[in-house]
Amino acid sequence: MAGLPTGSARRAQLSRRLRVPRQVRQLWRRLVSMRTALVLLFLLALASVPGSLLPQRPLNPPKVREYLRTHGAWGRFLDRIGAFDVFGSIWFSAIYLLLFASLIGCLIPRITVYAKALRARPLKAPRNLDRLAENAALGTDLSPDQAADRVSRALRPRWRTAVRAEESGAVAVSAEKGYSREAGNLLFHVSLLAALVLIAGGRMLSYEGTVVTTEGSGFCNRPISYDSFTAGRWVKPDRLADFCVDRLDKFTADYREDGSPARFKADISYSEDLAAESRKGVITVNHPLRLKDNRVYLLDHGYSPTVTITRPGRTPVTDTQAFLPTDTVLTSEGAFKLPGRDATKDDDLGLSAIFAPTAVIDGGVVSSIAPEAANPVLAVLAYTGELNPGGVPQSVYSLDQKQIDSGELTKVGAENLALGQSMTLPDGTVIRFDGYKEWVNLQVSHDPSQTALLIASILMVAGLLGSLAIRRRRLWVRVAPAGPGARSVVSVGGLARNDSGNFSAEFQAIVEELTAVLDADGPPAPAAPAAAEKIGAGKD
Amino acid sequence: MTSRTVVLVTTLLAAVLGLSACSGGKNAVDQSAGNQFRYVQANKKGSLIQAAERKQAGPVAGTLLTGGEYRLSDDRGKVVVLNYFASWCPPCQIETPQFEAIYRERKSAGVQFVGMDVKDPSKSAALSWIKDKGVTFPVVYDEAARSAIQLGDVPMAALPSTVVIDKQGRVAAVYVGAVLPKDLTAALDELTEEV
């Protein structure tokens, strides 16, 4: 590339002037090389392996605690090197930051090269056009200047041309086409760079929260509302958009005859800010609710059974809890926890339950055979004792198995309840299965870079297609004055800069066109057939 | 780069990507992880924001669990402790009775406690719970946590969270996670002495 030596010479000069040590310059050159980029890409893939083999803290903290408990020193060692948060570890960041630096360091010089190539004038004609793979020689009665002018004008609509007078008295036309290939290249590289920057910036500015919402409940766009919330470094968790999903009005799931889901639909009421009136909206799978650069997706659904627990001498409590599906027909597990009146007295009541929407009972074991709630049954195991010694956070979907195993929770009853049925515990507590609601897991995501990233990707593909489809061609025509009385000698040479396989036919066509141009309306001359004018076409 | 190196690198890359893609399964995202809390600290427990740097609290208002309206602006001139909790949240279950004790002790000194019951789909369970614990301070039933938006830019990341408002209606402290009585009383001592 013509611009390159001067460019790198200038850079070298610049870095000498800035007194950048040679080692640093060498290191930088090595970093931006293709080989380094490939090695880093490989390392990136390799480093992500433990991320999928070991439990990860940001995704599943209980699993990590379990692993640490069962693996002793080995687990502690892994923890110290960050193997339980691979994608947040220093070494992982080091790899992708180096890869980023390498890519950007490699892209920027490419971009300048393409930008230069895009503006460059066609090159000077080589001395011996007949050495080119494609060449031809013609004759004309026109003077070199006239001939060059005609050739240049004939080529100009599709070619970029430059006419140069040479020392020998000959006039040479240099022509080049396929500049949009460079434009494509340039577009591709700039968009790639933009995409890289957008991905990084987008991650810093994006956030995501998920929340399990039962029919009749709602949430607002604040971390305290979410069951889990992750945010990029530049997100201020207290400056999120002020919208609320006031209420999940209704969730509808339609199933086919074989029990496979056909459609999920969540009807919601929402307000865009605290002052706005509540509006109705519908969320279906892949059709999120869009609110102020936020999208609310429907991820998951399940049942929330409702029970009324009446303990002797106390106000009845009606509670609805989301249960977690354990299979595709929505046999679900969950728990109701009713703290006792006095924390010191072990009088908490815990219900560990299975909800089957369409239940079959086989030997006392309840399971579901269909996801619709055709024959809902709630299988209840009731425990009393202390549910949460020490107030340690625990799952809301189950009782603490350790408490049950150690006998700190005592089983006081077990029954399968159909809709409306109740059971009575030895102490007189009555548990009635009132009904069920449905819950959905909603995800709120905010990614301000998304639209820009889409545009960058489209431009990237467009640039790539342009740079692949467009043929780059060079053509030179030299018109040399012959002796007095003789015709001027026109030599034509062509060079394909890519896709040279198809160039021969193309070149023939150009030569024919030029022949016609040079003969048309010219001074009277024996009109020789074009083919006869060619001398040694296609040969060295 | 020779073609052999390219082939080698491609094969290694494919193998590694394959290895990282086809595992996972049992270590995948815990769908229930949402309800296990991760505490992020806002203020250091017991510390206060410098008076000069305090921002005015927004117009918090809501419906009380026992009926009626609550407005934060009505408590101007008092030190107000807004405690965000849910009846099912174990650390909150420990915290609330302790707060009740502090409330009884300091009510007359101009300290107002207000429970903000959020993420509690069952009003009945919440009501029974505050009754059982003998909670006498007002509790706002705010299932969707609208008051978190009303309050303004306050970094509350998890349950329980406690926001302390000074006599002039400014946010003086935000404690994320359970706060010990001795830390809270130290902060309240300081705030009640302010003018």
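Keep in mind that what you see is a predicted model, and the values were worked out from it rather than measured. Chain letters run A, B, ... following the sequence lines, proteins first and then strands; every chain starts at 1.
Interface remark: Arg314(A) contributes side-chain atoms only to the contact with chain B (heavy atom separation under 4.5 Å). Only the side chain of Val211(A) comes within contact range of chain B, with at least one heavy atom under 4.5 Å from a heavy atom of that chain. Neither the backbone nor the side chain of Glu95(B) comes within contact range of chain A, judged by heavy atoms closer than 4.5 Å. Contacts of Pro50(A) with chain B are absent, with no heavy-atom separation under 4.5 Å from either backbone or side chain.
A donor-acceptor contact under 3.5 angstrom links the side chains of Lys131(B) and Thr315(A), judged on distance only.
Taking a 6.0 Å sphere around CZ of Phe336(A), one finds it holds more than 12 heavy atoms contributed by other residues, nucleotides or ligands. Under a cut-off of 6.0 angstrom, the local environment of CD in Glu277(A) is sparse, with at most 12 non-hydrogen atoms contributed by other residues, nucleotides or ligands. Enclosure of atom CD in Gln401(A) by more than 12 non-hydrogen atoms of other residues, nucleotides or ligands within 6.0 angstrom is indicated.
No donor-acceptor pair under 3.5 Å is formed between the side chain of Gln93(B) and the backbone N or O of Pro339(A). Side chain of Ser217(A) to backbone of Pro121(B): no donor-acceptor contact under 3.5 angstrom is found. Counting only distance, with no hydrogens or angles, the side chain of Ser124(B) and the backbone of Asp319(A) share no donor-acceptor pair below 3.5 Å.
No side-chain heavy atom of Ser225(A) sits under 4.5 Å from any side-chain heavy atom of Val118(B). Residues Ser271(A) and Arg146(B) meet the side-chain proximity criterion, which asks for heavy atoms closer than 4.5 Å. Side-chain contact check for Thr320(A) versus Ser122(B): every heavy-atom pair is 4.5 Å or farther apart.
Results of the side chain to side chain contact (heavy atoms under 4.5 Å, CB included) test with Lys119(B) over Asp227(A), Thr213(A), Ile224(A) single out Asp227(A) as the only residue that passes.
The shortest non-hydrogen separation linking Ile149(B) to Phe243(A) is CD1-O, 3.9 Å.
The structure places OH of Tyr84(B) at 10.5 Å from CZ of Arg222(A), a figure rounded to the nearest 0.5 Å.
Options Ser161(B), Ala145(B), Ser87(B), Ser128(B) differ in how many heavy-atom pairs under 4.5 Å they form with chain A, and the most are formed by Ala145(B).
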